[in-house]
Amino acid sequence: MQLSRVGLWRWYPNTREMHWSAGMCALAGLPHQTSRLSFNEVASLLTSASALGWEQALQQMLAQQTGLECQLSLRSAQQPGCVRVVAEVLQGDAHVIEGSAEWLPDNQTSHPEQLLHALPIGILEVNAEGGVLFINQTLQQWLGISGAKLQDLPMSELFDTVNARLLDGLLDAAMTGSTQPNITLQLQQRRELAVGCQESTTALTGRRSWYLIMHDVTVYAELTQQLRQSEERWQLALESSGDGVWDWYPQTGIEILSDRLKAIYGYEPNEIEDLSDELDRRTHPDDLEQMQADRQAHFDGLTPTYINEHRVQCKDGRWKWILTRGTVIERDAQGDPVRVVGTHTDISERKQAEADVRDSEERLRMALSATHQGLYDLNVKTGTAIVNDDYALMLGYPLEQFSENRQNWLRRLHPEDLAPSERAFRDYINGKAQEYRAEFRQKHANGSWVWILSVGALVEWDDQGNPLRMLGTVLDITARKQSEAIIWQQANIDPLTGLPNRRMFYDRLEQNLRQSKRRNSLLAVLFIDLDFFKEVNDTLGHATGDSLLVEAAKRLRLCVRETDTVARLGGDEFTVSLPDQSDTVQVEQIARKIIEQLASPFHVAGEEIYLSASIGITLYPRDADNLADLIKHADQAMYAAKAAGRNRFSYFTPNLQTAALARLRLNNELRSAISDKQLQVYFQPIVETESGIIRKAEALIRWYHPQKGWISPLEFIPIAESSGQIHAIGELVFLEAVRWVSQWRKTIHPDFQISINQSPVEFQNENSPYSSWIAYLEQQGLPGQAINIEITEGLLLDADNKVASHLIGFRDAGIQVAIDDFGTGYSALSYLKKFDIDYLKIDQSFVRNLRDNSSDMALCEAIIMMAHKLGLQVVAEGVENAEQEQLLRSAKCDFVQGYLYSKPLSASDFDHFLLQAASKL
């Protein structure tokens with residue numbers, strides 16, 4: 001169907017004006033600018049029978065609020081055929097009719113007179129002599145006659161003498177142009193017909209004829225009788241429903257208003273009298289003319305009832321919308337109304353709602369316009385479509401150079417989007433979806449891809465129910481798709497290495513797990529940690545560390561299949577998912593290949609860097625049947641590989657889980673131990689080498705478990721660090737150290753000092769307690785020198801702003817700092833002076849095998865000499881015999897500590913030990 005053969009129109013009865021679309025104008029052979037026509041102008045385009053029938057049908061539609069389908073003949077049709085018209089009352093506005101028109105060729109048309117035969121009114125066309133030219137079937141039924149030989153009969157052959165005389169008088173008045181009121185005919189079987197006359201002239205022949213339009217008003221007479229008999233009942237019913245009632249006698253001017261009607265206007269019952277025009281003069285001036293016209297149309301018998309919506313002014317000056325309905329229930333002999341009754345209904349809320357809907361529709365229309373959506377009108381059978389400018393411009397073409405059909409659409413379509421697009425269209429056509437909605441890529445004129453959202457709906461079907469026509473919109477969603485891609489990238493991909501991140505790995509692993517369960521196949525998960533990566537990162541910087549991770553990720557990809565997943569969980573931790581494994585042989589081959597690849601030297605930032613990898617392996621279904629346990633067990637196996645010496649892989653075993661559970665239980669018991677005061681602070685003496693006097697002590701934490709007995713710090717301190725409980729332990733040790741150093745400074749020596757070990761976890765904590773510690777020392781009247789803080793060498797190597805700030809705070813408060821286990825890590829001697837370190841503690845591993853002329857002795861002498869050159873003092877740990885003590889004294893070590901003097905003692909025992917030692921001096 002071509003658009004030039006279809007038109008749209010809308011009729012406004014209050015102005016008798018029609019609005020035509022461009023297609024409607026083209027169908028009638030008018031310029032497309034002719035969009036507004038009076039009804040008389042429209043009627044002049046039709047044959048007289050079509051014009052009369054259409055107007056009568058439209059009036060009938062308004063009266064009964066029904067639809068219409070008919071065929072009309074044009075006066076100047078260029079080819080055989082007629083116009084099929086379909087119309088309906090506009091939803092939301094009962095006084096506007098809208099519809100469509102379609103040209104039908106001659107072989108598809110029916111005679112336009114069929115419209116006149118179908119109308120529920122009588123129509124009689126006569127010539128100047130009163131001869132019958134046409135009589136419709138409705139009037140034939142009322143008269144009880146039938147047959148095709150009725151033409152040219154005089155009216156006297158159809159009507160009795162009285163009625164024929166009345167009709168002759170009406171016809172004579174119409175011919176002379178004098179005013180003649182409508183007449184009423186009394187037929188047999190008590191049928192009453194109200195008759196009006198209308199002249200018609202055929203444009204081509206100039207033939208004049210007159211149409212007598214007859215309405216059956218028998219029902220109105222019966223209604224009048226019924227109203228008279230039940231007036232009180234219906235008035236009471238109307239009043240109770242909220243409607244106001246009016247009873248008007250037009251010939252006397254009396255207008256009786258019910259109390260409810262007066263209340264609608266805001267008046268009390270006695271404030272409005274029963275006077276003429278009471279309601280008319282309260283009607284809005286803009287609505288008055290139409291209201292009176294609708295009322296007169298009913299008085300003239302053109303409509304079965306009087307219906308009108310208009311605004312009325314209330315007592316307080318406000319305007320209300322009123323729906324009035326009325327019926328003539330009594331007429332005089334001349335057919336003029338004697339009595340009219342009706343109702344007023346307050347429809348202000350409905351009108352406001354309609355206004356809100358119109359505003360909403362206008363906003364929607366404006367919003368749709370602002371989005372620059374493309375529109376298409378698709379012929380489903382041929383695949384061709386009519387589109388607007390925005391559709392073509394969306395793809396980079398001017399409309400005049402753009403032709404849309406299925407071949408062109410497929411030519412522009414991205415190959416990956418063909419199947420889902422066709423599936424969406426097929427599902428809609430087959431009724432599986434309520435609308436056609438698809439997202440696909442189309443190639444722009446410049447060669448780029450444009451993401452399109454297409455939404456459409458079927459609007460026309462053939463007689464067999466097959467779809468003919470679809471209307472829809474297209475919207476450029478490229479920007480949205482790009483944003484979604486960025487969001488997906490950020491949510492699923494590690495930005496440094498380009499590998500899947502933790503979230504995406506877990507999602508893929510879950511899919512692999514379901515697949516392995518269905519296929520009953522083996523699934524392996526590898527947890528990989530780069531050995532010594534932290535040291536490289538600390539010494540060469542984070543930029544070098546990042547480059548190292550990128551290179552490691554590339555090597556990992558080379559070790560697996562495309563169907564496997566390599567991911568970075570964070571830091572230097574990677575994971576690999578290996579689905580569809582037949583046995584563990586291939587898994588081990590991949591693990592060895594990874595270890596080999598990562599053991600090869602990395603060349604980054606001009607440095608040759610050596611790493612290794614520790615790998616934990618867990619298997620489904622042997623080790624776990626869910627994602628969480630697979631990851632957890634692989635992590636445990638990785639730590640087992642590290643504990644076994646790194647640069648290797650280790651399978652998960654139940655023993656690892658047992659050990660992990662033991663650590664978990666110990667962690668829980670440690671929490672109880674802190675609250676139940678099971679932890680105690682012990683002290684070990686530090687002896688001045690030259691004098692043999694105990695001037696210092698080291699505070700050490702000990703845990704006596706009620707059931708397990710003594711638990712080594714080597715066992716519970718790492719757990720405390722990982723769980724964060726180390727902070728509570730550190731606070732406990734500090735408070736006990738301050739309490740006892742305060743006492744021993746009074747009883748033993750005024751310069752007595754206690755050393756407190758600080759975990760790196762404590763020292764790097766952003767919410768460290770050191771400022772409160774310093775304040776507490778001042779509160780207790782103790783100088784900073786009463787406390788010595790012991791830290792590891794690694795803290796100085798990774799001395800960020802927090803570490804430096806703490807060290808400066810200690811220095812300013814007079815608190816001394818010692819480097820514990822010196823010589824076992826990466827030593828950076830420049831840091832010793834930069835951070836004002838006071839003591840070096842030689843690790844006991846050097847003291848344990850101390851012999852004269854041994855390498856350990858040379859190393860100890862070198863450390864002592866270097867420290868003294870830098871102005872630092874030295875403490876040697878692990879002294880267990882007199883020979884070690886003598887060698888250290890000869891090397892001029894400042895302080896010694898070990899079992900030779902005492903093992904760690906409880907506070908009370910150490911207090912007694914100090915008093916005994918002091919008494920021997």
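Remember, predicted model here, so these are calculated numbers, not experimental data.
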Tell me which donor-acceptor pairs under 3.5 Å the side chains of residues 443-450 have, and how far apart each pair is, sequence neighbours excluded?
unit_1 : atom_1 : unit_2 : atom_2 : d
H444   : ND1    : N446   : N      : 3.1
H444   : ND1    : N446   : OD1    : 3.1
H444   : ND1    : N446   : ND2    : 3.3
H444   : NE2    : G396   : N      : 3.4
N446   : OD1    : S448   : N      : 2.9
N446   : OD1    : S448   : OG     : 2.7

Compare all side-chain heavy atoms of H727 with those of P769 and state whether any distance is below 4.5 angstrom.
no
Approximate separation, where rounding is to 0.5 Å, of S672 OG and K677 NZ:
13.5 Å
Run L840 and M866 through side-chain contact (heavy atoms from CB on, under 4.5 Å) and show every step you take.
CA-CA 10 Å; L840 297 181; M866 175 201 67; 3.8 Å; yes
So do the side chains of I594 and F649 get within less than 4.5 Å of each other, counting heavy atoms only?
no
Write down the atom of A637, the atom of S650, and the distance for their closest heavy-atom approach.
CB-O, 3.3 Å
Can you find a side-chain donor-acceptor pair between E762 and Y770 that sits under 3.5 Å?
no
Rounded to the nearest 0.5 Å, what separates atom CD1 in I717 from atom CD1 in I711?
11.5 Å
After noting the C-alpha distance and the side-chain angles of M638 and I528, does the key distance pass the side-chain contact (heavy atoms from CB on, under 4.5 Å) rule?
CA-CA 7 Å; M638 182 273 292; I528 305 166; over 6 Å; no
Taking only distance into account, with no hydrogens and no angle test, what donor-acceptor pairs under 3.5 Å do side-chain atoms of residues 606-621 form with protein atoms, sequence neighbours excluded?
unit_1 : atom_1 : unit_2 : atom_2 : d
E608   : OE1    : Y610   : OH     : 3.3
S612   : OG     : D531   : OD2    : 2.6
S614   : OG     : D531   : OD1    : 2.7
S614   : OG     : D531   : OD2    : 3.2
T618   : OG1    : D623   : OD2    : 3.4

For D572, all residues meeting salt bridge (charged side-chain N to carboxylate O under 4.0 Å, His left out), sequence neighbours excluded:
none
Within-4.5 Å side-chain heavy-atom neighbours: L509 and V525:
yes
Which residues pass the side chain to side chain donor-acceptor pair (under 3.5 Å) test with R411, not counting sequence neighbours?
N408
So, are K632 and D629 salt-bridged, with charged N and O less than 4.0 Å apart?
yes
Contacts satisfying salt bridge (charged side-chain N to carboxylate O under 4.0 Å, His left out) that involve residues 546-556 (not counting sequence neighbours) are E551-R555
Please, which pairs that meet salt bridge (charged side-chain N to carboxylate O under 4.0 Å, His left out) have at least one residue in residues 703-717, sequence neighbours excluded?
E669-K708
Please answer whether the main-chain N or O of I595 pairs with a side-chain N or O of Q597 as donor and acceptor at a distance below 3.5 Å.
no
Heavy atoms of other groups near Y682 OH, more than 12 under 6.0 Å:
yes
Under the side-chain contact (heavy atoms from CB on, under 4.5 Å) rule, what do L526 and F574 come out as? Steps first, then yes or no, please.
CA-CA 8 Å; L526 277 58; F574 297 86; over 6 Å; no
Could you give the distance from CG (D476) to NZ (K481), rounded to the nearest 0.5 Å?
12.0 Å
Within-4.5 Å side-chain heavy-atom neighbours: F527 and E573:
yes
Under a 4.5 Å cut-off applied to non-hydrogen side-chain atoms, are F822 and I842 in contact?
no
Taking all heavy atoms of T565 and all of R508, pick out the closest pair and write down the distance.
OG1-CD, 3.5 Å
Do any N or O atoms from the side chain of S454 and from the backbone of V474 form a donor-acceptor pair under 3.5 angstrom?
no
Taking atom types as modelled, find out whether D417 and Q442 have a side-chain donor-acceptor pair closer than 3.5 angstrom.
no
W773 side chain reached by E731 side chain, heavy atoms, under 4.5 Å:
yes
Heavy-atom pair of closest approach, residues R561 and L578:
NH2-C, 4.1 Å
Taking only Lys NZ, Arg NE, NH1 and NH2, and the carboxylate oxygens of Asp or Glu, determine whether E596 and R592 approach each other closer than 4.0 Å.
no
Under 3.5 Å, is there a donor-acceptor pair between the Q816 and Y839 side chains?
yes
Nearest 0.5 Å please: distance from the CZ atom of R480 over to the CG atom of L475.
8.5 Å
If I compare all heavy atoms of A699 with all of I754, which pair ends up nearest, and what's the gap?
CB-CG2, 3.9 Å
State which residues pass salt bridge (charged side-chain N to carboxylate O under 4.0 Å, His left out) with R426; sequence neighbours excluded, sorted by chain then number.
none
With R648, which residues qualify under side chain to side chain donor-acceptor pair (under 3.5 Å), at least two apart?
none
Q511: what forms a side chain to side chain donor-acceptor pair (under 3.5 Å) with it, not counting sequence neighbours?
D507
Taking all non-hydrogen atoms of both residues, which atom of A605 and which atom of T544 are closest, and how far apart?
CB-OG1, 4.0 Å
From CG (D580) to CZ (R519), nearest 0.5 Å:
5.0 Å
Residues passing the side chain to side chain donor-acceptor pair (under 3.5 Å) test with N430, sequence neighbours excluded, are none
Distance col, row H414:NE2 vs W451:CH2, nearest 0.5 angstrom, shows 8.0 Å
Regarding Q678 and W703, do their side chains bring together a donor and an acceptor under 3.5 Å, going by distance alone?
yes
Non-neighbouring partners of F505 that pass ring pair (Phe, Tyr, Trp, His ring centres under 6.0 Å), sequence neighbours left out:
none
For Y436 and Y428, take the angle between the two ring planes, folded into 0 to 90°, and tell me which bin it lands in: parallel under 30, tilted 30 to 60, perpendicular over 60.
tilted
Does any non-hydrogen side-chain atom of V733 lie less than 4.5 Å from one of N757?
no
So do the side chains of L732 and I701 get within less than 4.5 Å of each other, counting heavy atoms only?
yes
For residues 490-504, tabulate all N or O donor-acceptor pairs below 3.5 Å that involve a side-chain atom, not counting sequence neighbours.
unit_1 : atom_1 : unit_2 : atom_2 : d
N492   : OD1    : R503   : NH1    : 2.6
N492   : ND2    : W488   : O      : 2.8
D494   : OD1    : R568   : NH1    : 3.1
D494   : OD2    : T497   : N      : 3.0
D494   : OD2    : T497   : OG1    : 2.6
D494   : OD2    : R568   : NH1    : 3.2
T497   : OG1    : L499   : N      : 3.2
N501   : OD1    : R503   : N      : 3.2
N501   : OD1    : M504   : N      : 3.0
N501   : ND2    : A491   : O      : 2.9
R502   : NH1    : Y506   : OH     : 3.2
R502   : NH2    : L569   : O      : 3.3

Identify the heavy atoms of R437 and A424 that sit nearest to each other, and give their distance.
O-CB, 3.7 Å
Does K841 form a side-chain contact (heavy atoms from CB on, under 4.5 Å) with E698? I'd like the steps, not just the answer.
CA-CA 12 Å; K841 296 192 73 173; E698 181 178 0; 3.2 Å; yes
